[in-house]
There are 2 protein chains.
Amino acid sequence: MRKKTCYIICEDNNDYRESLMAFLDEDDELVCCGSFENAENIINKINTSQPDVVLMDIDMPVKNGIEALKEIKQSLPEKEVIMLTVFEDRENVFEAVCAGASGYLLKNTSPVIIAESIRVVMNGGAAMTPVIARKALQFFQKPLKNNAPGLTAQEQQVLKLLVNGLSYKMIAAKIDVVIDTIRYHIKKIYDKLHVHSAPEAVAKAIRDKLV
Amino acid sequence: MRKKTCYIICEDNNDYRESLMAFLDEDDELVCCGSFENAENIINKINTSQPDVVLMDIDMPVKNGIEALKEIKQSLPEKEVIMLTVFEDRENVFEAVCAGASGYLLKNTSPVIIAESIRVVMNGGAAMTPVIARKALQFFQKPLKNNAPGLTAQEQQVLKLLVNGLSYKMIAAKIDVVIDTIRYHIKKIYDKLHVHSAPEAVAKAIRDKLV
DNA sequence: CATCATACTACATCATCATGTAACGTTACG
DNA sequence: CGTAACGTTACATGATGATGTAGTATGATG
């Protein structure tokens with residue numbers, strides 16, 4: 001017989017937790033090895049219950065579910081975590097995905113789908129509803145040509161080289177002009193980016209994907 | 001009666017294209033308004049056929065499907081594009097998702113799922129298999145605590161402030177030490193990051209997620 | 001044609017940075 | 001208890017950066 005998949009659930013709503021567990025217990029591939037109403041000392045909880053998958057609520061007393069997720073991925077990165085929450089805002093989805101959640105489901109998701117999602121995650125997939133998936137993907141659909149500050153071609157080139165760590169002198173040599181020309185461009189760049197130093201400019205360029 | 005969803009398909013394999021169309025035509029919510037064996041002049045094709053959704057192969061003669069996707073998102077960002085391909089490598093998935101694909105399916109996907117995926121996309125969702133979704137998500141799961149260079153707590157603090165654009169003087173004021181102390185820390189940081197200037201350090205810190 | 005934006009060069013000046021050397025205190029460790 | 005790692009301050013010096021002013025040239029725009 002196939003080895004069962006063990007899961008734990010962290011969820012402060014007793015009714016929801018109990019009813020979900022009751023349903024999942026009907027599935028003969030799944031077995032609950034822990035049920036908690038908060039995520040305190042989540043690492044200890046996992047070490048004692050040894051689950052394959054963690055179902056994690058977000059809004060819980062004492063310890064936020066995303067914080068718990070981060071702790072898990074810090075200490076036990078191989079554990080799969082599926083967020084199970086009422087939130088579907090970009091912030092929470094983004095946080096959870098960045099922190100390494102393998103799934104993100106809403107609580108109104110059918111228990112059938114939740115069971116299926118656990119299987120999906122165990123098979124190396126990610127489990128989320130299409131709408132959540134869309135939100136997740138939107139985060140790294142680069143607004144790529146974010147040339148809002150209206151940098152000219154030369155300025156972009158100079159900024160790029162600056163970001164790559166080149167000094168004025170090196171940039172000048174690279175694009176074959178005098179160093180004063182680089183000063184000129186850099187000043188213009190600073191004005192447009194509203195900064196006053198190279199580190200600021202570099203940080204802004206990278207973060208705003210200007211290069 | 002509900003308005004039908006119009007789609008076009010760009011796919012160089014005639015057999016696959018024809019058989020998929022034949023199946024999708026059975027679905028009374030879907031109607032094919034264009035069928036092409038390459039993605040040349042994709043904008044023109046779309047303007048004349050006016051689809052809601054584009055099914056796009058990647059490996060096609062003349063014009064790569066991802067290039068076509070980029071053109072579509074550039075000119076007609078509201079059109080939904082679902083990639084339909086044999087490739088499931090990180091590169092292609094990443095490229096497609098970044099370029100704004102609303103879905104990414106493998107050609108061995110059941111036609112039933114493909115039809116369902118079109119509906120999903122029309123309802124504001126993203127359509128992909130769990131395994132593809134996982135690959136997509138992995139791209140922006142930050143390896144967050146990348147403190148490989150072994151920076152001390154103070155050094156991390158100083159680096160963070162430097163990245164935020166503060167001058168030595170400002171950093172010194174912020175953590176209430178003399179400017180020479182900042183010089184000392186910065187030097188250490190440069191040594192550990194193997195850089196020799198603030199812009200380099202900032203770029204490295206952000207890219208390697210040291211802060 | 002006049003004007004504007006862009007690009008390049010030059011010169012000047014003060015501020016800031018990069019680097020080295022050196023000394024002192026604290027905490028942790030074998 | 002000596003040593004090592006870390007944090008702190010100090011001093012010095014040459015290099016680089018930040019900012020301003022100013023002149024020239026070119027292509028585009030109206």
Side-chain angles (χ1 to χ4, degrees), chain A residues 74-75 143-211, chain B residues 74 144-211:
Chain A
Q74 190 83 32
S75 306
L144 59 164
K145 271 308 168 202
N146 192 352
N147 194 10
L151 297 180
T152 67
Q154 291 295 324
E155 287 161 1
Q156 286 186 50
Q157 170 74 351
V158 170
L159 179 56
K160 177 166 173 279
L161 294 172
L162 187 70
V163 168
N164 287 341
L166 279 67
S167 67
Y168 286 17
K169 196 183 292 184
M170 292 157 77
I171 297 175
K174 193 88 174 181
I175 65 180
D176 195 36
V177 293
V178 184
I179 195 172
D180 285 293
T181 304
I182 305 304
R183 293 191 210 278
Y184 163 83
H185 287 306
I186 297 267
K187 186 74 189 76
K188 290 260 190 177
I189 293 169
Y190 287 0
D191 288 345
K192 290 180 181 176
L193 299 191
H194 308 298
V195 300
H196 302 280
S197 72
E200 282 183 279
V202 169
K204 187 148 195 160
I206 295 179
R207 291 188 168 137
D208 294 0
K209 298 197 199 308
L210 303 179
V211 288
Chain B
Q74 189 83 29
L144 58 163
K145 271 309 169 199
N146 192 349
N147 193 13
L151 297 181
T152 68
Q154 291 295 325
E155 287 162 358
Q156 285 186 52
Q157 170 74 352
V158 170
L159 180 56
K160 176 164 172 280
L161 295 171
L162 187 69
V163 168
N164 287 342
L166 279 67
S167 67
Y168 286 17
K169 197 184 292 184
M170 292 156 76
I171 297 175
K174 193 88 175 182
I175 66 181
D176 196 36
V177 293
V178 182
I179 195 171
D180 286 293
T181 305
I182 306 304
R183 292 191 212 279
Y184 164 83
H185 286 305
I186 297 268
K187 185 72 188 75
K188 290 264 192 175
I189 292 169
Y190 287 1
D191 288 344
K192 290 180 181 176
L193 299 191
H194 307 298
V195 299
H196 302 280
S197 73
E200 280 182 281
V202 168
K204 187 145 194 162
I206 295 179
R207 292 190 167 136
D208 293 358
K209 301 199 198 305
L210 302 180
V211 289

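Naming convention: chains lettered A, B, ... in sequence-line order (proteins, then strands); numbering from 1 in each chain. Source: prediction; values computed, not measured.
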Are any side-chain N or O atoms of A/Gln157 and backbone N or O atoms of A/Gln154, one a donor and one an acceptor, separated by less than 3.5 Å? no
A/Ser167 OG to A/Ile182 CD1 distance, which is reported to the nearest 0.5 Å: 10.0 Å
Chain A reaches DNA chain D, atoms under 4.0 Å from its heavy atoms, from D/dT16 to D/dG20
Nearest 0.5 Å please: distance from the OG1 atom of A/Thr152 over to the NZ atom of A/Lys188. 8.5 Å
Using a strict heavy-atom distance below 4.0 Å, which residues from residues 194-205 of chain A are in contact with DNA chain D? A/His196, A/Ser197, A/Ala198
Answer yes or no: is there a donor N or O on one side and an acceptor on the other, between the side chain of A/Tyr190 and the main chain of A/His185, under 3.5 Å? no
For A/Ile206 versus B/Ala203, what's the shortest heavy-atom pair and its separation? CD1-CA, 3.6 Å
Run the side-chain contact (heavy atoms from CB on, under 4.5 Å) check on B/Val163 and A/Val202 step by step: do they pass? CA-CA 9 Å; B/Val163 168; A/Val202 169; over 6 Å; no
How long is the gap from CD1 on B/Ile171 to CD1 on B/Ile186, to the nearest 0.5 Å? 5.0 Å
Non-neighbouring partners of B/Lys204 that pass salt bridge (Lys or Arg N to Asp or Glu O under 4.0 Å), sequence neighbours left out: none
Within the side chain of A/Tyr168, is there an N or O that forms a donor-acceptor pair under 3.5 Å with the backbone of A/Leu162? no
Residues touching DNA chain C, which here means a heavy atom under 4.0 Å, drawn from residues 166-181 of chain A: A/Val177, A/Val178, A/Asp180, A/Thr181
Residue pairs meeting salt bridge (charged side-chain N to carboxylate O under 4.0 Å, His left out), one or both in residues 163-182 of chain A, sequence neighbours left out, come to A/Asp180-A/Arg183
For DNA chain D, which residues in residues 183-192 of chain A have a heavy atom at a distance below 4.0 Å? A/Arg183, A/Lys187, A/Tyr190
